[in-house]
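These notes are about the structure you will find just below.
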Amino acid sequence: MNCAPADLEAMLMIRHFELALLDLFARGELGGTTHTCLGQEYVPVAMTPLLGPHDHVFSNHRGHGHYLARFGDPHGLLAEIMGREGAICGGVGGSQHIRREGYLSTGVQGESLPLAAGSALHLKRTWPGALACAYIGDGTWGQGAVYETLNIAALWKLPLLVVVEHNGIAQSTPASAHLAGDIAGRAAAFGVRHVSVGSLEVGEIRRALEPLVAGVRLGEPLVAEFVTHRLGPHSKGDDTRDPADVARIPDWHARYETLDGFAAMDSAARELVATVVADVAARPPVRREEA
Amino acid sequence: MRVADNLNAALHGVLGDDPRAYLLGEDILDPYGGAFKITRGLSGRFPGRVLGTPISENAITGLATGLALAGDTAIVEIMFADFVALAFDQIYNCASKSVTMFGSRLPMRLVVRCPSGGGRGYGPTHSQSPMKHFIGMPGLALYEMSPLHDNRAVFAEMLERAQPCLFFEDKVLYTRRMYDVPSPFRWEADGGVARVWLDERPDCVIVAPGGMVPRALEAMRSLLLESEISCALVVPSRLYPFTAEVPAARAVVVAEESTAGGTWGSEVAQVLHRRLWGSLRRPVTQVSSRDSVIPAAAHLERDVIVDADDIRRAVKEALRD
């Protein structure tokens with residue numbers, strides 16, 4: 001096991017960012033809802049160097065890690081979630097509706113896949129070699145938009161990369177109750193390439209995906225299905241799973257603890273996020289810009 | 001020139017002038033050229049930008065939204081307006097909201113074309129006028145094709161607005177001639193609103209979208225010749241937001257093809273009541289199709305869908321006191 005310090009730093013920052021959000025909720029300092037990616041932080045960290053500056057990323061309701069891995073901007077994201085000055089989207093979008101150059105998230109399951117296909121069509125003409133990457137979950141495969149889009153992406157040879165964070169649970173419904181067959185079979189039905197990613201090691205994941213992602217850039221869509229785990233609740237404190245079962249879930253964090261300097265980096269990330277929280281919480285509410 | 005040819009020319013114009021413009025839809029490629037032949041000649045002239053799609057209204061509309069978000073211009077043809085229901089999520093939760101939900105205004109050039117209306121015996125799911133389901137969505141504007149508005153100008157306005165627009169095309173207009181106004185009426189189109197009138201002080205003003213123009217004109221002509229009632233007609237190209245000027249005549253009638261209940265006409269009446277309450281003699285009269293599914297059999301369909309006679313009767317009733 002080894003890991004570049006920058007990767008570990010990013011994963012730990014996302015971990016502590018999400019923990020801080022749950023803490024803010026518990027203390028009544030955050031309203032609304034938020035979906036943390038605890039347990040899945042390594043997925044976008046592994047993906048980010050595989051994506052170029054002209055690639056478009058589409059995120060979903062559980063998107064903090066996707067944003068932080070791409071932009072490394074905890075201040076802007078927290079300000080957006082807390083509705084404070086410096087919010088990326090003026091406090092209008094909140095946790096689930098974020099847009100920044102080459103990045104967009106939406107809060108409705110499956111909605112982003114057709115958008116990503118549109119982006120891919122745009123890029124195919126304006127930036128040949130660039131791709132559109134959409135992060136979705138296992139629950140998203142209940143939506144018809146997924147199949148409509150895979151069909152079109154395969155027919156039109158769109159540079160579309162679908163990253164599935166298959167954490168085995170859709171809100172409170174286990175995959176065994178919402179997913180007949182499997183995702184590989186569904187991709188195969190459209191003649192779309194599929195790869196299963198079981199590793200928790202970012203270097204290993206990248207080595208496996210690199211040649212496949214290169215194919216996406218040539219117009220061969222790909223479904224990259226990560227076998228991953230949601231350690232936290234769906235939203236705030238709504239986990240109905242047996243805590244003993246949750247405790248047995250493999251956590252990359254525990255796996256990486258053996259690395260040299262881990263404890264110091266973990267503390268540094270916790271402190272960094274604490275500073276971000278203190279800074280953003282002290283800011284005045286963001287004012288609505290008339291759009 | 002027929003309305004269909006005017007619309008076809010407008011699409012040629014948009015795609016010819018704007019190298020970023022795409023047109024997507026089912027069966028729109030030559031030689032078929034679309035279920036109503038509106039896209040004839042486009043796929044041959046603009047290969048790669050006129051794309052025939054699978055039967056996937058949701059994905060097509062989302063894909064077009066993705067193009068618009070990336071700075072392209074996207075036009076979607078929904079084969080029958082009824083099927084826009086399948087794209088409702090993309091329009092309601094994504095395209096319209098994207099203009100403002102990311103904090104600052106995001107310009108988007110997206111037009112969803114919806115051939116609407118009955119009168120052709122297509123039955124309950126191929127004959128509707130679903131405008132009312134899209135009224136009041138922040139970020140979305142509704143337009144309707146009219147024989148009194150040049151479609152090239154209407155498309156220019158929709159794209160200039162830089163927000164998603166639905167463009168409803170009453171199918172019965174396709175074979176009608178443009179600018180066909182019977183004498184002795186005069187007409188003009190100015191700033192997106194067309195007006196037809198006979199004298200400056202009409203007894204009644206009829207407000208109607210483009211698809212109703214032939215029926216409204218027929219009603220106006222018979223009211224004039226048989227009852228000496230003078231009507232003026234106001235036809236806004238943009239249905240929503242509704243901003244057209246409407247003079248306060250003795251009677252104001254809003255006529256539309258939508259089936260009754262929660263309609264565009266209700267929205268117009270509400271706007272006019274707020275604007276003109278002090279000078280109106282009576283509330284705005286609404287004329288719409290019956291509260292019914294639209295039957296396939298011609299005689300049953302005629303009973304449901306609003307016609308010139310319904311407008312004529314409503315005008316006389318409104319002027320009775």
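Chain letters run A, B, ... following the sequence lines, proteins first, then strands; residues in each count from 1.
At a heavy-atom cut-off of under 4.5 Å, chain B is reached by A:A145 from residues 133-146 of chain A, listed in order of number. Contact annotation for residues 83-93 of chain B against chain A (heavy-atom separation below 4.5 Å, listed by residue number): B:D89, B:Q90, B:N93. At a heavy-atom separation below 4.5 angstrom, chain A is approached by no residue within residues 128-137 of chain B. By a heavy-atom distance cut of under 4.5 Å, B:R49, B:L51, B:G52, B:T53, B:P54 are the residues of residues 34-54 of chain B near chain A, going up by number.
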Kindly indicate, with the supporting measurements, whether the criterion ring-ring contact (aromatic ring centres under 6.0 Å, His included) is fulfilled by A:F71 and A:Y103. CA-CA 10 Å; A:F71 298 110; A:Y103 183 95; 5.6 Å; yes

Can you check salt bridge (Lys or Arg N to Asp or Glu O under 4.0 Å) on A:E220 and A:R193, steps first, answer last? CA-CA 8 Å; A:E220 298 171 49; A:R193 299 176 306 152; 3.7 Å; yes

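Side-chain contact, A:H61 with A:Q109: a donor N or O sits under 3.5 Å from an acceptor N or O. Checked by atom type, the side-chain pair B:D18/B:T73 shows a donor-acceptor distance below 3.5 Å. Residues A:E225 and A:H166 have side chains that bring a donor and an acceptor to within less than 3.5 angstrom of each other.
Rounding to the nearest 0.5 angstrom, the gap separating the CZ atom in A:R100 from the OG atom in A:S105 is 13.0 Å. B:H126 contributes atom NE2, which lies 8.5 Å from atom NZ of B:K171 (distance to the nearest 0.5 angstrom). How far CD1 of B:I75 is from CG of B:L15: 5.5 Å, rounded to the nearest 0.5 Å. In this structure, the separation between NE2 on A:H234 and CD on A:Q171 is 3.5 Å, given to the nearest 0.5 Å.
When the candidates A:T149, A:V108, A:L121 are compared by the number of heavy-atom contacts under 4.5 Å with chain B, A:L121 comes out ahead. Top candidate by heavy-atom pairs under 4.5 Å with chain B, chosen from A:L113, A:T126, A:I98, is A:I98. Per-residue counts of heavy-atom pairs under 4.5 Å with chain B were compared for A:E80, A:H56, A:E111, A:H97; the largest is that of A:E111. The most heavy-atom pairs under 4.5 Å with chain A, out of B:L63, B:L106, B:L67, B:D72, come from B:L63.
Remark: A:D182 does not engage A:R186 in a salt bridge, criterion side-chain N to carboxylate O under 4.0 Å. Contact check on B:E77 versus B:R113 returns a salt bridge, with a Lys/Arg side-chain nitrogen under 4.0 Å from an Asp/Glu carboxylate oxygen.
Only the backbone of B:E57 comes within contact range of chain A, with heavy atoms under 4.5 Å apart. Of the atoms belonging to A:L155, it is side-chain heavy atoms, and not backbone ones, that fall under 4.5 Å from chain B. Of the two parts of B:A70, the backbone and the side chain both hold a non-hydrogen atom closer than 4.5 Å to a non-hydrogen atom of chain A. Residue contact with chain B, scored on non-hydrogen atoms closer than 4.5 Å, involves the side chain of A:L104 exclusively.
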